[in-house]
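Each ligand, and each atom within it, is numbered from 1 in the order the structure gives. Values reported hereafter were calculated over all heavy atoms of this structure, with side chains retained and with hydrogens, waters and symmetry mates removed. Each residue takes its place number in the sequence, starting with 1.
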Amino acid sequence: MISVGLVGYGHWGPNLLRNLAAHPAFRVVAAADHRADRRAATRQAAPGIALYDDGVALIDDHRGLDAVAIASPVSTHYELARRALERGLHVLVEKPLCTRSEEGRDLVAIAARQKRVLMVDHTLLFTGAGRAIRALQQGERLGRVTYYDSQRLNLGLFQPDVNVLWDLGPHDLALLADFRDETPVQVEVSGQCHVNPGIPDIVHASLHFASGWMAHFHWSWMSPEKVRRTVIGGSDRMLVWDELAADGALKLYDRGIDKAAKPGGRTILPGYRTGGWETPAMESGEALQRLVGHFAEVIEGHAVSIADGPRGVRVLQFLEQIQAALDRNEAARGGGAS
Ligand SMILES: NC(=O)c1ccc[n+]([C@@H]2O[C@H](COP(=O)([O-])OP(=O)(O)OC[C@H]3O[C@@H](n4cnc5c(N)ncnc54)[C@H](O)[C@@H]3O)[C@@H](O)[C@H]2O)c1
């Protein structure tokens, strides 16, 4: 059994605790939260485990720990993960890995030196749909991916220490990191702040890649309705994932454009291919249960991680590129993205 401690029992921590406690490979032995009410909630959910008022105390002082799961705010990730790895613990850290790719690379190097697992909770990779999308884009049915278009909207939840890009962006960007090993050559972005000046709560971003495809994202904490909708255009088929649809299923459309040159002219006439759609097979079950199972398999040496430190760093690099474009725009507008 892997003895694990949890740091942070706010909004997301309870999901990690429930899934770690339910998995036969783990024994949850300790938890930490700054807030007394959250420690009381932990005591109710997991009676008998040791409780600390700070993640550093749990990592430094709790004897017999093998691993730690970190679900505290993003700005705390680097320091907590670094301490845990230095102490010889395996680390599962919430997305995003930390706030700077330079620090992310440091964590990857420490994990390698200490021969410990560093994994990031990029939950989307472990959903049934996320796994099916990865398989589809690696296979031949979609054809060459030409665009990725995602809307991830809701009213909140505002994070204390990051903007909406760093909160919602990691989901899409972790998936995108698979598509092609390319860095965007052009980033177009616009953001708006309704609550905290300098902390955009709506971001539109378009990434253009040298090989000719693009990704567009709309991330928002300011929508009256929750939307989770992804469209992926391929040269052979098109894929739609409406996460909130009753069946949450993927739809793979045999639709698209067949191009034909107009006789004698240079104009290309589109021919519309309007075939039907099918629902690719998707595994059922909770993504986080698969994720903690994968964490155990990687620790035990039975699997190579699909959500490892280097992927976490790649996500940070995308985030930094988009953030830099946001900052340039804000400076051009005189410092107020509101
Ligand atoms: N994978 C997902 O789908 C998903 C969803 C939501 C949040 N998250 C991630 O989970 C993390 C936490 O987000 P949240 O919404 O739960 O935040 P939150 O603010 O609701 O909870 C964080 C908790 O950590 C505690 N805390 C802060 N610093 C601490 C420290 N040094 N030691 C011990 N406790 C500490 C706070 O008191 C708070 O209770 C973030 O990285 C976020 O991006 C992931």
Exercise for the section: Give a yes or no on whether the backbone of Val117 and the side-chain of His90 come within a donor-acceptor separation of less than 3.5 Å. Expected result: yes

Problem - Residues Glu286, Arg18: salt bridge by 4.0 Å N-O rule - result: yes

Please set out all donor-acceptor pairs under 3.5 angstrom arising from side-chain atoms of residues 61-71, sequence neighbours excluded.
from: His62; atom 1: ND1; to: Tyr52; atom 2: OH; distance (Å): 2.8
from: Arg63; atom 1: NH2; to: Asp60; atom 2: O; distance (Å): 3.1
from: Asp66; atom 1: OD2; to: Ser3; atom 2: N; distance (Å): 2.7

Practice task
Using a cut-off of 6.0 Å, state whether more than 12 heavy atoms not belonging to Arg229 lie near its atom CZ.
Solution key: no

Exercise for the section: Kindly tell me which protein residues have any non-hydrogen atom under 4.0 angstrom away from an atom of ligand 1, grouped by chain and ordered by number? Expected result: Val7, Gly8, Gly10, His11, Trp12, Ala32, Asp33, His34, Arg35, Arg38, Asp54, Gly55, Ala71, Ser72, Pro73, Val74, Thr76, His77, Glu94, Lys95, Asp121, Thr123, Gln159, His171

Please report, to 0.1 Å, the donor-acceptor pairs under 3.5 Å made by any side chain of residues 166-178, with sequence neighbours excluded.
from: Trp166; atom 1: NE1; to: Gln323; atom 2: OE1; distance (Å): 3.1
from: Asp167; atom 1: OD1; to: Lys95; atom 2: NZ; distance (Å): 3.1
from: Asp167; atom 1: OD2; to: Trp221; atom 2: NE1; distance (Å): 2.9
from: Asp172; atom 1: OD1; to: Tyr148; atom 2: OH; distance (Å): 2.8
from: Asp172; atom 1: OD1; to: Ser150; atom 2: OG; distance (Å): 2.9
from: Asp172; atom 1: OD1; to: Arg152; atom 2: NH2; distance (Å): 3.2
from: Asp172; atom 1: OD2; to: Ser150; atom 2: OG; distance (Å): 3.2
from: Asp172; atom 1: OD2; to: Arg152; atom 2: NE; distance (Å): 3.0
from: Asp172; atom 1: OD2; to: Trp219; atom 2: NE1; distance (Å): 2.9
from: Asp178; atom 1: OD1; to: Arg311; atom 2: NH1; distance (Å): 3.3
from: Asp178; atom 1: OD1; to: Arg311; atom 2: NH2; distance (Å): 3.0
from: Asp178; atom 1: OD2; to: Arg134; atom 2: NE; distance (Å): 2.4
from: Asp178; atom 1: OD2; to: Arg134; atom 2: NH2; distance (Å): 3.2

Exercise for the section: Under the side-chain contact (heavy atoms from CB on, under 4.5 Å) rule, collect the residues that match up with Pro270, sequence neighbours excluded. Expected result: Ile257, Tyr272

